[in-house]
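Please read the structure below before turning to the comments.
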Protein chains: 2
Amino acid sequence: MGETIQSVERAAAILRLLASGPRQLGVAELARALGLPKGTLHGILRTLVRVGFVEQDQATGKYRLGATLLHLGSSYLDVNELRTRAINWADALAGRSRESAWIGTLHEGHVLVIHHVFRPDDSMQTLQVGTYLPTHASALGKVLLAWDPYGEAVATPLQPHTKKTIVDPGQLETELELVRTRGWAAEMEELTEGEVAIAAPIKDSRGIVVGAIGIRGAVERLAPEGHLHMEFVSYVRDAARAITRDLAR
Amino acid sequence: MGETIQSVERAAAILRLLASGPRQLGVAELARALGLPKGTLHGILRTLVRVGFVEQDQATGKYRLGATLLHLGSSYLDVNELRTRAINWADALAGRSRESAWIGTLHEGHVLVIHHVFRPDDSMQTLQVGTYLPTHASALGKVLLAWDPYGEAVATPLQPHTKKTIVDPGQLETELELVRTRGWAAEMEELTEGEVAIAAPIKDSRGIVVGAIGIRGAVERLAPEGHLHMEFVSYVRDAARAITRDLAR
DNA sequence: CAGTGAGGTTCGGTATTGCCGAACACGCCT
DNA sequence: AGGCGTGTTCGGCAATACCGAACCTCACTG
């Protein structure tokens, strides 16, 4: 691959930094983080403000992400073919299982949530579309890792989220092997205590895994006494197969 | 304001074009639309692909928005102070009114939806966060226009969405005058047949209107026989006042 | 209350940077 | 085969956008 445009890459780096935390950042902070002169950054920031990608705090002069990005992000969802094709099946899955349904893709070492249906009859939930889940501690992530065509190395060390999170790379690999042979993944309180998830792969017309769909809910409903109710597994696998079939056309 | 960086502005223009429709665009199309040579655009596109803002279709070579933007957009939501402060009140509003609750801001001549709570006990709804509503045909929009500090001209001609949409600028102005005097806005089947909305302004510590909150639902529930149930209006105004009070601190 | 340092901003010279346009390679349809 | 439509490459030219030092303002402090 050839050369890339410096200023655009720098602009992207700024946006990524601003997105990495909820804090607003100043020119000086950015300059330190990126190792660039303040003047240079100021020029890029001025441009980003003009196009609405960044907003400047009137009081402090610090910078934060801008509203245009929200609109661009939601436009991405319209463009994303997997999501538009899968959205109805996710609704159906949530309805049948009476649990929240999720669709995710592999993106920069994380699971990017591209769709999320709330659990029926349960309002107070916040939408997770656009957020990241850890690959090694989520059912969606295990599926995506298991069939990752590029075999990306998992970011080590594996961050623990609960006592049950898999933190040993070797153990993760055997888990992925299991996922590959039986065709679906489970995650038992490895991300949040009391929550369990199931996921299965979505393949495109060439047979490559392009995403995963699954459900997530309380351990007492999905896996009482530590044993998964297999009916939930078949709901998830049915949905995954249906979407895969849809994508083939 | 001083100069801006050419390539970054061009990159932003490309992203806006890609976001403007669900279609994928090719280098040649972009070149025509922006009046730039193909080679120039290719360089910018290559960079945008590298940073994940744009993806290229393997088969056709055409370009579409990338997944990184989805993540940046959702990060914006974390940063947005109005939203983080208002989110609980919106939940409460949806609960009390048993209708869907909405929060929006003025952005480039549209209402940008920054939060959306589904109507309780009603799953099959799609989330609208990040989408645009028309200013002249939504309750949120009327509120934002009525107190717009910059007095931005509304994009004319006013696009009709139903038979009841206000399309005459003069009539819109008298409507906005009404909104200003009584302190809230209504929209009766002006955007979608059978749907009605109510909204009220959210002000920051300086008294400037920074957003609007409202509800939206079926005409038969909110306004049977064409008359708004005033209890819904007070729910909305209560929520708006509560958030305004919150922001003052 | 000066003094200091940190913040964001401005500015002009320099040479680096990334523009440009023509040529290339491929695929499709005529 | 031919022509047109893609997306892509390349090298030379000069416009471009970097850089670093100087500027201004604020807030905190000795």
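So that the names make sense, note that chain A is the first sequence line, chain B the second, and so on, each numbered from 1.
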To the nearest angstrom, the CG-P distance between A/L45 and C/dT9 comes to 8 Å
- prompt: Looking at A/E173 and A/R180, does any basic side-chain N land under 4.0 Å from a carboxylate oxygen?
  reply: yes
Between CG of A/L41 and P of D/dC19 the distance, given in whole Å, is 9 Å
(Q) Roughly how many Å apart are C/dT17 and D/dA21, using the C1' atom of each and rounding to a whole number? (A) 22 Å
So, with a heavy-atom separation below 4.0 Å from DNA chain C, the residues of residues 14-33 of chain B are none
The complete set of ring-ring contact (aromatic ring centres under 6.0 Å, His included) pairs with one or both residues in residues 19-77 of chain A, sequence neighbours excluded, reads A/H71-B/Y132
* Asked: Cut-off 3.5 Å, side chains only: do A/H161 and A/T192 have a donor facing an acceptor?
  -> no
From CG of B/L48 across to P of D/dT8 the rounded distance in Å is 13 Å
Could you go through nucleotides 28-30 of chain C and list every protein N or O atom that sits under 3.5 Å from one of its N or O atoms, giving the distance for each pair?
none

*Heavy-atom side-chain proximity of A/V8 to A/R10 below 4.5 angstrom*: no
When rounded to whole Å, the NZ to P distance for the pair A/K62 and D/dA27 reads 13 Å
In 5'-to-3' order, the base (B), backbone-only (S) or no-contact (-) status of each nucleotide in nucleotides 19-25 of chain C, using a 4.0 angstrom heavy-atom cut-off, is SBB----
Sequence neighbours excluded, the answer for salt bridge (charged side-chain N to carboxylate O under 4.0 Å, His left out) partners of A/K62 is A/E29
Looking at B/R50 and A/E9, does any basic side-chain N land under 4.0 Å from a carboxylate oxygen?
yes
Can you find a side chain N or O atom of A/H42 that sits less than 4.0 Å from OP1 or OP2 on C/dT9? yes
* Judged by modelled atom types alone, do A/H110 and A/T135 share a side-chain donor-acceptor pair under 3.5 Å? -> no
Those residues at least two apart in sequence (or on a different chain) that pass salt bridge (charged side-chain N to carboxylate O under 4.0 Å, His left out) with A/R64 are A/E55, A/D57
Reckon B/Y63 has a side-chain N or O less than 4.0 Å from the OP1 or OP2 of D/dT8? yes
For A/V117 and A/A94, the nearest pair of non-hydrogen atoms, with its separation, is CG1-CB, 3.7 Å
Any donor-acceptor pair under 3.5 Å linking the side-chain atoms of B/T131 with those of A/S74? no
Here the pair of heavy atoms bringing B/I114 nearest to B/V129 is O-CG1, 4.0 Å
- Under 4.0 Å between any heavy atoms, over every strand shown, what does A/Q56 touch: base, sugar-phosphate, or nothing? Just pick one. sugar-phosphate
Closest to the 5' end of DNA chain C, once A/V8 and A/T60 are matched to their nearest nucleotides, is A/T60
